[in-house]
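Inspection log for the structure reproduced underneath, given as C-alpha coordinates.
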Amino acid sequence: MTHMIVPFFIMYQGCPNRCTFCNVHQIAGYDNESVTEKSFREKVHRYLSQAKRKPDRVQIAFYGGNFIGMEKERQAELLKYAQTFIQHGQVHDIRISIRPDKIDRDRLELLKCFGVTTVEIGAQSFVDEVLILARRGHSSSDIINTVNTLREWGFKTGIHIMLGLPGDNRSGFEYTIRETIALKPDMVRIHPTIVFQGTGLAKLFIQGAYTPLSISEAVDMCKYALAGFADAGIPVIRLGLQTNREMETEGSIIAGPYHPAFRSLVEESLFLDMASSLLTEEEVRGKEIIFSLPLKDVSSFRGQRNRNLQLLKNTYRLAGLTVKVAHGREDGAVFMTVEDRTWKIHKFRKPERIYGNTLLHP
Ligand code: SF4
(Lines give C-alpha, C1' and ligand atoms only; values in the text may rest on other atoms or scores of the structure.)
Protein backbone atom coordinates (compact mmCIF):
# COMPACT_ATOMS: atom_id res chain seq x y z
CA MET A 1 0.00 0.00 0.00
CA THR A 2 1.56 3.29 -1.08
CA HIS A 3 0.73 6.38 0.91
CA MET A 4 1.52 9.91 -0.26
CA ILE A 5 1.43 12.89 2.07
CA VAL A 6 1.44 16.40 0.59
CA PRO A 7 2.75 18.53 3.48
CA PHE A 8 1.99 22.19 4.11
CA PHE A 9 3.77 24.05 6.90
CA ILE A 10 1.70 26.67 8.67
CA MET A 11 4.77 28.20 10.35
CA TYR A 12 3.83 28.63 14.03
CA GLN A 13 0.30 29.78 13.24
CA GLY A 14 -1.96 29.03 16.19
CA CYS A 15 0.98 28.60 18.60
CA PRO A 16 0.39 30.67 21.76
CA ASN A 17 4.12 30.68 22.56
CA ARG A 18 7.40 29.44 21.14
CA CYS A 19 8.51 26.12 22.60
CA THR A 20 12.12 26.18 23.69
CA PHE A 21 13.35 23.57 21.20
CA CYS A 22 11.29 24.62 18.18
CA ASN A 23 12.55 26.05 14.92
CA VAL A 24 9.89 25.24 12.34
CA HIS A 25 11.94 26.97 9.61
CA GLN A 26 14.56 24.26 9.96
CA ILE A 27 11.97 21.48 9.93
CA ALA A 28 10.04 22.90 6.98
CA GLY A 29 13.21 23.60 4.99
CA TYR A 30 12.62 25.57 1.79
CA ASP A 31 8.92 24.85 2.14
CA ASN A 32 8.03 27.76 4.41
CA GLU A 33 6.17 30.21 2.19
CA SER A 34 2.76 31.37 3.33
CA VAL A 35 0.14 29.14 1.71
CA THR A 36 -2.11 30.77 -0.90
CA GLU A 37 -4.76 29.08 -2.99
CA LYS A 38 -2.47 29.22 -6.03
CA SER A 39 0.60 27.84 -4.24
CA PHE A 40 -1.57 25.18 -2.62
CA ARG A 41 -3.02 24.02 -5.95
CA GLU A 42 0.38 24.01 -7.64
CA LYS A 43 2.01 22.00 -4.91
CA VAL A 44 -0.66 19.30 -4.79
CA HIS A 45 -0.60 19.00 -8.60
CA ARG A 46 3.20 18.80 -8.53
CA TYR A 47 3.17 15.98 -5.98
CA LEU A 48 0.47 14.07 -7.85
CA SER A 49 2.18 14.42 -11.22
CA GLN A 50 5.62 13.48 -9.89
CA ALA A 51 4.47 10.23 -8.27
CA LYS A 52 6.22 7.28 -9.94
CA ARG A 53 3.00 5.30 -9.66
CA LYS A 54 -0.47 6.16 -8.48
CA PRO A 55 -0.50 6.05 -4.67
CA ASP A 56 -3.22 4.01 -2.94
CA ARG A 57 -3.85 6.85 -0.55
CA VAL A 58 -3.13 10.57 -0.77
CA GLN A 59 -3.40 12.84 2.25
CA ILE A 60 -2.91 16.57 2.59
CA ALA A 61 -1.19 17.45 5.85
CA PHE A 62 -0.86 20.70 7.76
CA TYR A 63 2.21 20.64 9.98
CA GLY A 64 4.49 23.10 11.75
CA GLY A 65 1.98 24.91 13.93
CA ASN A 66 -1.19 24.48 15.89
CA PHE A 67 -3.92 24.09 13.28
CA ILE A 68 -6.85 24.42 15.64
CA GLY A 69 -5.29 27.47 17.30
CA MET A 70 -5.54 29.49 14.07
CA GLU A 71 -8.42 31.84 13.36
CA LYS A 72 -11.42 29.77 12.32
CA GLU A 73 -11.60 31.64 9.01
CA ARG A 74 -8.02 30.69 8.13
CA GLN A 75 -8.65 27.07 9.10
CA ALA A 76 -11.73 26.97 6.89
CA GLU A 77 -9.82 28.62 4.03
CA LEU A 78 -7.01 26.03 4.09
CA LEU A 79 -9.43 23.14 4.53
CA LYS A 80 -11.47 24.38 1.56
CA TYR A 81 -8.36 24.34 -0.65
CA ALA A 82 -7.83 20.72 0.36
CA GLN A 83 -11.47 19.76 0.08
CA THR A 84 -11.53 20.70 -3.61
CA PHE A 85 -9.02 17.92 -4.26
CA ILE A 86 -11.04 15.48 -2.15
CA GLN A 87 -14.18 16.31 -4.13
CA HIS A 88 -12.31 15.61 -7.37
CA GLY A 89 -11.15 12.24 -6.06
CA GLN A 90 -7.46 13.21 -6.21
CA VAL A 91 -6.93 13.29 -2.44
CA HIS A 92 -8.51 11.00 0.12
CA ASP A 93 -8.38 12.96 3.35
CA ILE A 94 -6.58 15.49 5.53
CA ARG A 95 -4.31 15.26 8.55
CA ILE A 96 -3.33 18.10 10.85
CA SER A 97 -0.99 18.60 13.76
CA ILE A 98 -2.03 20.42 16.91
CA ARG A 99 -1.05 21.23 20.47
CA PRO A 100 -2.99 19.57 23.27
CA ASP A 101 -5.09 22.63 24.09
CA LYS A 102 -8.78 22.61 24.84
CA ILE A 103 -10.75 22.18 21.62
CA ASP A 104 -14.22 23.60 21.39
CA ARG A 105 -17.07 21.84 19.66
CA ASP A 106 -17.21 24.30 16.72
CA ARG A 107 -13.64 23.58 15.76
CA LEU A 108 -14.12 19.82 15.97
CA GLU A 109 -17.19 20.11 13.73
CA LEU A 110 -15.22 22.19 11.26
CA LEU A 111 -12.50 19.53 11.03
CA LYS A 112 -15.06 16.78 10.61
CA CYS A 113 -17.04 18.50 7.94
CA PHE A 114 -13.97 19.30 5.80
CA GLY A 115 -12.57 15.76 5.73
CA VAL A 116 -9.91 15.78 8.44
CA THR A 117 -9.44 12.18 9.56
CA THR A 118 -6.15 12.21 11.45
CA VAL A 119 -4.98 14.56 14.17
CA GLU A 120 -1.40 14.42 15.39
CA ILE A 121 -0.85 15.83 18.85
CA GLY A 122 2.47 17.31 19.92
CA ALA A 123 2.72 15.85 23.41
CA GLN A 124 6.54 15.72 23.63
CA SER A 125 6.55 14.49 27.24
CA PHE A 126 4.20 13.38 30.00
CA VAL A 127 6.49 14.74 32.70
CA ASP A 128 4.98 18.06 33.79
CA GLU A 129 8.31 19.60 34.88
CA VAL A 130 9.74 18.80 31.45
CA LEU A 131 6.75 20.43 29.76
CA ILE A 132 7.30 23.56 31.85
CA LEU A 133 11.01 23.73 31.00
CA ALA A 134 10.17 23.26 27.31
CA ARG A 135 7.76 26.22 27.60
CA ARG A 136 4.94 24.13 26.22
CA GLY A 137 2.18 25.87 28.12
CA HIS A 138 0.15 22.71 28.67
CA SER A 139 0.19 19.84 31.14
CA SER A 140 0.20 16.08 30.80
CA SER A 141 -3.49 15.94 31.70
CA ASP A 142 -4.20 18.29 28.77
CA ILE A 143 -2.63 15.68 26.48
CA ILE A 144 -4.84 12.94 27.89
CA ASN A 145 -7.99 15.07 27.57
CA THR A 146 -7.18 16.09 24.00
CA VAL A 147 -6.48 12.54 22.82
CA ASN A 148 -9.66 11.25 24.45
CA THR A 149 -11.78 14.05 22.98
CA LEU A 150 -10.42 13.46 19.49
CA ARG A 151 -11.03 9.75 19.76
CA GLU A 152 -14.61 10.32 20.94
CA TRP A 153 -15.11 12.39 17.80
CA GLY A 154 -13.83 9.55 15.64
CA PHE A 155 -10.45 10.99 14.61
CA LYS A 156 -7.37 8.83 14.23
CA THR A 157 -4.77 10.09 16.66
CA GLY A 158 -1.00 10.33 16.49
CA ILE A 159 1.20 11.35 19.41
CA HIS A 160 4.59 13.03 19.03
CA ILE A 161 7.09 12.46 21.81
CA MET A 162 10.65 13.66 22.33
CA LEU A 163 13.67 12.37 24.18
CA GLY A 164 16.47 14.43 25.64
CA LEU A 165 14.41 17.52 26.53
CA PRO A 166 15.78 19.79 29.29
CA GLY A 167 15.05 18.30 32.70
CA ASP A 168 14.16 14.90 31.25
CA ASN A 169 16.10 11.68 31.74
CA ARG A 170 15.78 8.04 30.84
CA SER A 171 13.19 7.23 33.48
CA GLY A 172 11.14 10.30 32.48
CA PHE A 173 11.22 9.18 28.86
CA GLU A 174 10.21 5.65 29.84
CA TYR A 175 7.31 7.13 31.80
CA THR A 176 6.31 9.11 28.70
CA ILE A 177 6.34 5.91 26.66
CA ARG A 178 4.14 4.10 29.19
CA GLU A 179 1.66 6.98 29.30
CA THR A 180 1.60 7.17 25.50
CA ILE A 181 0.92 3.45 25.23
CA ALA A 182 -1.86 3.73 27.81
CA LEU A 183 -3.61 6.27 25.57
CA LYS A 184 -3.59 3.78 22.65
CA PRO A 185 -2.94 6.25 19.83
CA ASP A 186 -3.12 4.99 16.24
CA MET A 187 0.51 6.00 15.64
CA VAL A 188 3.45 7.78 17.24
CA ARG A 189 6.40 9.87 16.10
CA ILE A 190 9.59 9.99 18.15
CA HIS A 191 12.08 12.83 17.87
CA PRO A 192 15.39 13.13 19.69
CA THR A 193 15.88 16.73 20.87
CA ILE A 194 18.19 18.63 18.53
CA VAL A 195 19.61 22.06 19.36
CA PHE A 196 18.64 24.29 16.43
CA GLN A 197 20.02 27.76 16.02
CA GLY A 198 17.66 30.57 16.98
CA THR A 199 15.92 28.62 19.74
CA GLY A 200 15.72 29.03 23.49
CA LEU A 201 17.45 25.69 23.73
CA ALA A 202 20.41 27.02 21.77
CA LYS A 203 20.81 29.78 24.37
CA LEU A 204 20.67 27.24 27.19
CA PHE A 205 23.23 25.08 25.43
CA ILE A 206 25.61 28.00 24.86
CA GLN A 207 25.26 29.00 28.53
CA GLY A 208 26.17 25.43 29.49
CA ALA A 209 22.74 24.90 31.05
CA TYR A 210 21.69 22.08 28.72
CA THR A 211 23.50 18.89 27.74
CA PRO A 212 22.07 17.06 24.76
CA LEU A 213 21.96 13.29 24.45
CA SER A 214 24.74 11.58 22.55
CA ILE A 215 23.78 9.61 19.45
CA SER A 216 24.37 6.31 21.22
CA GLU A 217 22.19 7.34 24.19
CA ALA A 218 19.43 8.41 21.81
CA VAL A 219 19.70 5.17 19.83
CA ASP A 220 19.53 3.11 22.99
CA MET A 221 16.48 4.96 24.32
CA CYS A 222 14.74 4.67 20.97
CA LYS A 223 15.30 0.92 20.92
CA TYR A 224 13.51 0.75 24.24
CA ALA A 225 10.69 2.87 22.84
CA LEU A 226 10.35 0.75 19.70
CA ALA A 227 10.14 -2.42 21.79
CA GLY A 228 7.37 -0.94 23.93
CA PHE A 229 5.34 0.33 20.98
CA ALA A 230 5.83 -2.92 19.05
CA ASP A 231 4.50 -4.88 22.02
CA ALA A 232 1.50 -2.58 22.20
CA GLY A 233 0.90 -2.84 18.43
CA ILE A 234 1.33 0.93 17.94
CA PRO A 235 3.18 1.86 14.74
CA VAL A 236 6.09 4.29 15.01
CA ILE A 237 5.65 6.22 11.79
CA ARG A 238 8.73 8.39 12.28
CA LEU A 239 11.88 8.05 14.30
CA GLY A 240 14.19 11.06 14.01
CA LEU A 241 13.72 14.20 11.98
CA GLN A 242 13.09 14.27 8.26
CA THR A 243 16.30 15.66 6.80
CA ASN A 244 16.25 18.65 4.46
CA ARG A 245 18.78 21.00 2.88
CA GLU A 246 18.37 23.68 5.56
CA MET A 247 19.08 21.23 8.32
CA GLU A 248 22.26 20.12 6.60
CA THR A 249 23.47 23.72 6.22
CA GLU A 250 26.44 24.50 8.44
CA GLY A 251 25.41 26.19 11.69
CA SER A 252 21.73 25.13 11.52
CA ILE A 253 22.21 22.42 14.08
CA ILE A 254 24.28 23.48 17.04
CA ALA A 255 24.28 20.21 18.97
CA GLY A 256 22.33 17.06 19.68
CA PRO A 257 21.95 13.52 18.38
CA TYR A 258 21.27 14.42 14.75
CA HIS A 259 21.90 11.86 12.03
CA PRO A 260 20.39 12.03 8.53
CA ALA A 261 19.42 8.36 8.80
CA PHE A 262 18.69 8.13 12.50
CA ARG A 263 16.13 5.35 12.16
CA SER A 264 18.66 3.23 10.27
CA LEU A 265 21.09 3.61 13.17
CA VAL A 266 18.43 2.33 15.54
CA GLU A 267 17.54 -0.56 13.21
CA GLU A 268 21.23 -1.50 12.86
CA SER A 269 21.65 -1.52 16.60
CA LEU A 270 18.55 -3.68 16.98
CA PHE A 271 19.91 -6.20 14.48
CA LEU A 272 23.24 -6.25 16.31
CA ASP A 273 21.38 -7.11 19.52
CA MET A 274 19.40 -9.84 17.74
CA ALA A 275 22.51 -11.41 16.22
CA SER A 276 24.32 -11.25 19.58
CA SER A 277 21.39 -12.97 21.29
CA LEU A 278 21.49 -15.76 18.71
CA LEU A 279 25.25 -16.20 18.97
CA THR A 280 25.15 -16.56 22.74
CA GLU A 281 22.87 -19.61 22.35
CA GLU A 282 25.72 -21.73 20.94
CA GLU A 283 29.44 -22.30 21.35
CA VAL A 284 30.33 -20.41 18.17
CA ARG A 285 33.99 -19.59 18.63
CA GLY A 286 36.02 -20.69 15.59
CA LYS A 287 32.91 -21.76 13.66
CA GLU A 288 31.31 -20.72 10.38
CA ILE A 289 28.01 -18.93 10.94
CA ILE A 290 25.27 -18.23 8.41
CA PHE A 291 22.66 -15.57 9.04
CA SER A 292 19.58 -15.52 6.80
CA LEU A 293 17.04 -12.73 6.67
CA PRO A 294 14.71 -10.94 4.27
CA LEU A 295 16.39 -8.83 1.57
CA LYS A 296 14.97 -5.56 2.92
CA ASP A 297 16.76 -6.11 6.25
CA VAL A 298 20.16 -7.19 4.93
CA SER A 299 21.72 -3.75 4.74
CA SER A 300 20.63 -2.77 8.27
CA PHE A 301 21.84 -6.13 9.54
CA ARG A 302 25.27 -5.55 8.03
CA GLY A 303 25.45 -2.02 9.46
CA GLN A 304 27.19 0.97 7.92
CA ARG A 305 30.33 -0.21 6.14
CA ASN A 306 29.67 -3.73 7.50
CA ARG A 307 30.26 -2.47 11.02
CA ASN A 308 27.91 -5.02 12.61
CA LEU A 309 29.54 -7.93 10.80
CA GLN A 310 33.02 -6.88 11.89
CA LEU A 311 31.86 -6.43 15.48
CA LEU A 312 30.16 -9.83 15.59
CA LYS A 313 33.08 -11.60 13.99
CA ASN A 314 35.60 -10.08 16.37
CA THR A 315 33.52 -10.28 19.54
CA TYR A 316 32.57 -13.93 19.07
CA ARG A 317 35.83 -14.92 17.31
CA LEU A 318 34.01 -16.52 14.42
CA ALA A 319 35.88 -18.40 11.68
CA GLY A 320 33.48 -16.94 9.12
CA LEU A 321 30.22 -15.07 8.89
CA THR A 322 27.94 -15.21 5.85
CA VAL A 323 24.74 -13.23 5.34
CA LYS A 324 22.15 -14.71 2.97
CA VAL A 325 18.79 -13.55 1.73
CA ALA A 326 16.03 -15.75 3.12
CA HIS A 327 13.43 -15.64 0.37
CA GLY A 328 9.89 -16.02 1.62
CA ARG A 329 10.98 -16.25 5.25
CA GLU A 330 9.07 -14.64 8.09
CA ASP A 331 9.17 -10.88 7.95
CA GLY A 332 11.44 -9.34 10.56
CA ALA A 333 12.99 -12.65 11.65
CA VAL A 334 16.72 -13.41 11.62
CA PHE A 335 17.84 -17.03 11.28
CA MET A 336 21.23 -18.33 12.37
CA THR A 337 22.69 -21.62 11.22
CA VAL A 338 25.70 -23.12 12.93
CA GLU A 339 26.76 -26.60 11.78
CA ASP A 340 23.46 -28.51 11.58
CA ARG A 341 21.49 -26.36 13.98
CA THR A 342 19.24 -23.40 13.24
CA TRP A 343 17.92 -20.69 15.50
CA LYS A 344 15.65 -17.79 14.83
CA ILE A 345 14.79 -14.55 16.55
CA HIS A 346 12.18 -11.84 16.01
CA LYS A 347 12.68 -8.24 17.01
CA PHE A 348 12.24 -7.79 20.75
CA ARG A 349 11.86 -11.55 21.31
CA LYS A 350 14.09 -14.31 22.65
CA PRO A 351 15.88 -16.77 20.32
CA GLU A 352 14.16 -20.07 19.60
CA ARG A 353 15.65 -23.26 18.22
CA ILE A 354 14.26 -24.63 14.96
CA TYR A 355 14.45 -28.36 14.55
CA GLY A 356 15.42 -29.69 11.14
CA ASN A 357 17.83 -27.59 9.14
CA THR A 358 16.30 -26.05 6.05
CA LEU A 359 18.30 -22.89 5.99
CA LEU A 360 21.83 -23.87 5.06
CA HIS A 361 21.03 -22.98 1.45
CA PRO A 362 18.06 -20.62 1.65
S1 SF4 B 1 3.48 24.22 19.39
FE2 SF4 B 1 4.68 23.05 17.91
S3 SF4 B 1 5.00 24.41 16.16
FE4 SF4 B 1 4.30 25.68 17.87
S5 SF4 B 1 6.20 26.44 18.80
FE6 SF4 B 1 5.63 24.57 19.92
S7 SF4 B 1 6.68 22.88 18.86
FE8 SF4 B 1 6.74 24.70 17.50
Side-chain angles (χ1 to χ4, degrees), residues 15 19-24 27 61 63-66 95-101 118-151 155-196 199 201 210 212-215 217-242 256-259 262-263 265-267 270 348:
C15 301
C19 305
T20 190
F21 54 83
C22 182
N23 184 335
V24 174
I27 310 287
Y63 295 142
N66 179 30
R95 65 198 294 151
I96 60 168
S97 65
I98 67 165
R99 285 167 43 88
D101 296 320
T118 307
V119 182
E120 299 193 38
I121 302 111
Q124 320 313 0
S125 174
F126 281 78
V127 180
D128 284 321
E129 302 82 69
V130 172
L131 293 172
I132 291 167
L133 288 172
R135 292 201 223 123
R136 292 287 296 169
H138 64 78
S139 67
S140 55
S141 51
D142 293 328
I143 304 169
I144 296 166
N145 292 338
T146 301
V147 174
N148 287 335
T149 303
L150 290 165
R151 188 173 301 115
F155 292 102
K156 282 197 162 178
T157 55
I159 295 185
H160 298 193
I161 57 171
M162 295 178 70
L163 55 150
L165 283 168
D168 207 0
N169 54 29
R170 180 149 188 147
S171 69
F173 180 61
E174 290 178 3
Y175 174 74
T176 291
I177 292 166
R178 287 197 298 279
E179 290 294 293
T180 305
I181 289 171
L183 276 174
K184 299 190 176 74
D186 296 285
M187 67 207 84
V188 295
R189 293 182 194 252
I190 307 174
H191 298 300
T193 303
I194 305 296
V195 184
F196 286 112
T199 59
L201 195 58
Y210 170 70
L213 294 174
S214 67
I215 290 239
E217 285 170 323
V219 165
D220 202 49
M221 287 164 79
C222 286
K223 280 196 295 187
Y224 177 87
L226 284 186
F229 289 122
D231 254 357
I234 299 170
V236 177
I237 60 167
R238 176 150 285 282
L239 187 55
L241 291 167
Q242 176 115 37
Y258 172 76
H259 189 283
F262 182 77
R263 188 169 193 137
L265 291 186
V266 179
E267 294 286 342
L270 275 171
F348 316 119

Which side-chain N or O atoms in residues 225-238 pair as donor and acceptor under 3.5 Å with protein atoms at least two apart or in another chain?
residue: Asp231; atom: OD1; partner: Arg349; partner atom: NH1; Å: 3.4
residue: Asp231; atom: OD1; partner: Arg349; partner atom: NH2; Å: 3.4
residue: Arg238; atom: NH1; partner: Gly240; partner atom: O; Å: 3.3
residue: Arg238; atom: NH2; partner: Gln242; partner atom: OE1; Å: 3.1

Requested in this report: Verify, without hydrogens or angle tests, whether Glu179 (side chain) and Thr176 (backbone) share a donor-acceptor contact under 3.5 angstrom.
Outcome: no
**Report entry** Heavy-atom side-chain proximity of Val130 to Pro166 below 4.5 angstrom
**Finding:** no
Report task. Provide the closest heavy-atom pair for His138 versus Ala123 in the form atom of the first, atom of the second, distance. Result -> CE1-O, 3.8 Å
**Report entry** Sub-4.5 Å side-chain heavy-atom contact between Arg170 and Asp220
**Finding:** yes
Requested in this report: Check Tyr224 against Glu174 and note the closest heavy-atom contact, atom names and distance.
Outcome: CE2-CG, 3.3 Å
Report task. Determine, step by step, whether Asp128 and Ser140 satisfy the side-chain hydrogen bond (donor to acceptor under 3.5 Å, both in side chains) criterion, reporting the C-alpha distance in whole Å, the side-chain angles of both residues, the deciding distance to 0.1 Å, and the verdict. Result -> CA-CA 6 Å; Asp128 284 321; Ser140 55; 3.1 Å; yes
Query raised in the report: Should Phe155 and Thr149 be marked as a side chain to side chain contact (heavy atoms under 4.5 Å, CB included) after you check the CA-CA gap, both sets of side-chain angles, and the distance that decides it?
Result: CA-CA 9 Å; Phe155 292 102; Thr149 303; over 6 Å; no
Requested in this report: Take Met162 and Asp168, measure what side chain to side chain contact (heavy atoms under 4.5 Å, CB included) needs, and give me the verdict at the end.
Outcome: CA-CA 10 Å; Met162 295 178 70; Asp168 207 0; over 6 Å; no
Query raised in the report: Under the 3.5 angstrom rule, does the side chain of Arg151 hit a backbone N or O of Lys184 as a donor-acceptor pair?
Result: yes
**Report entry** Closest heavy-atom pair and its distance - Tyr175, Phe126
**Finding:** CE2-O, 3.5 Å
Report task. Answer whether the closest heavy-atom distance between the side chains of Val195 and Tyr258 falls below 4.5 Å. Result -> no
Query raised in the report: Between Met187 and Thr118, is any pair of side-chain heavy atoms under 4.5 Å apart?
Result: yes
Query raised in the report: Between OG1 of Thr157 and CG of Leu150, what distance do you get to the nearest 0.5 Å?
Result: 7.0 Å
**Report entry** SB check Asp142 Arg99 (cutoff 4.0 Å)
**Finding:** no
Query raised in the report: Side chains of Ile215 and Leu265: closer than 4.5 Å at any heavy-atom pair?
Result: yes
**Report entry** Validation row: Ile194, Phe21 side chains within 4.5 angstrom (heavy atoms)
**Finding:** no
Query raised in the report: With distance as the sole test, does Thr199 use its side chain to make a donor-acceptor pair with the main-chain N or O of Asn23 at under 3.5 Å?
Result: no
**Report entry** Flag if over 12 foreign heavy atoms under 6.0 Å of NZ, Lys156
**Finding:** no
Report task. Could you list the residues that satisfy side chain to side chain contact (heavy atoms under 4.5 Å, CB included) with Cys22, not counting sequence neighbours? Result -> Tyr12, Cys19, Val24
Query - Rounded distance [0.5 Å steps], CG in Leu183 versus OG1 in Thr146 - result: 10.0 Å
**Report entry** Side chain proximity check, Leu213 to Pro192, heavy atoms < 4.5 angstrom
**Finding:** no
Query raised in the report: Okay, side chain of Asn145, backbone of Ser141: is any donor-acceptor separation there less than 3.5 Å?
Result: yes
Report task. Given side chain to side chain contact (heavy atoms under 4.5 Å, CB included), test His160 with Ile121 step by step and report yes or no. Result -> CA-CA 6 Å; His160 298 193; Ile121 302 111; over 6 Å; no
Query - Heavy-atom side-chain contact between Ile161 and Ser125 under 4.5 Å - result: no
**Report entry** Tyr63 vs Glu120, side chain to side chain contact (heavy atoms under 4.5 Å, CB included): CA-CA, chis, key distance, verdict
**Finding:** CA-CA 9 Å; Tyr63 295 142; Glu120 299 193 38; 3.7 Å; yes
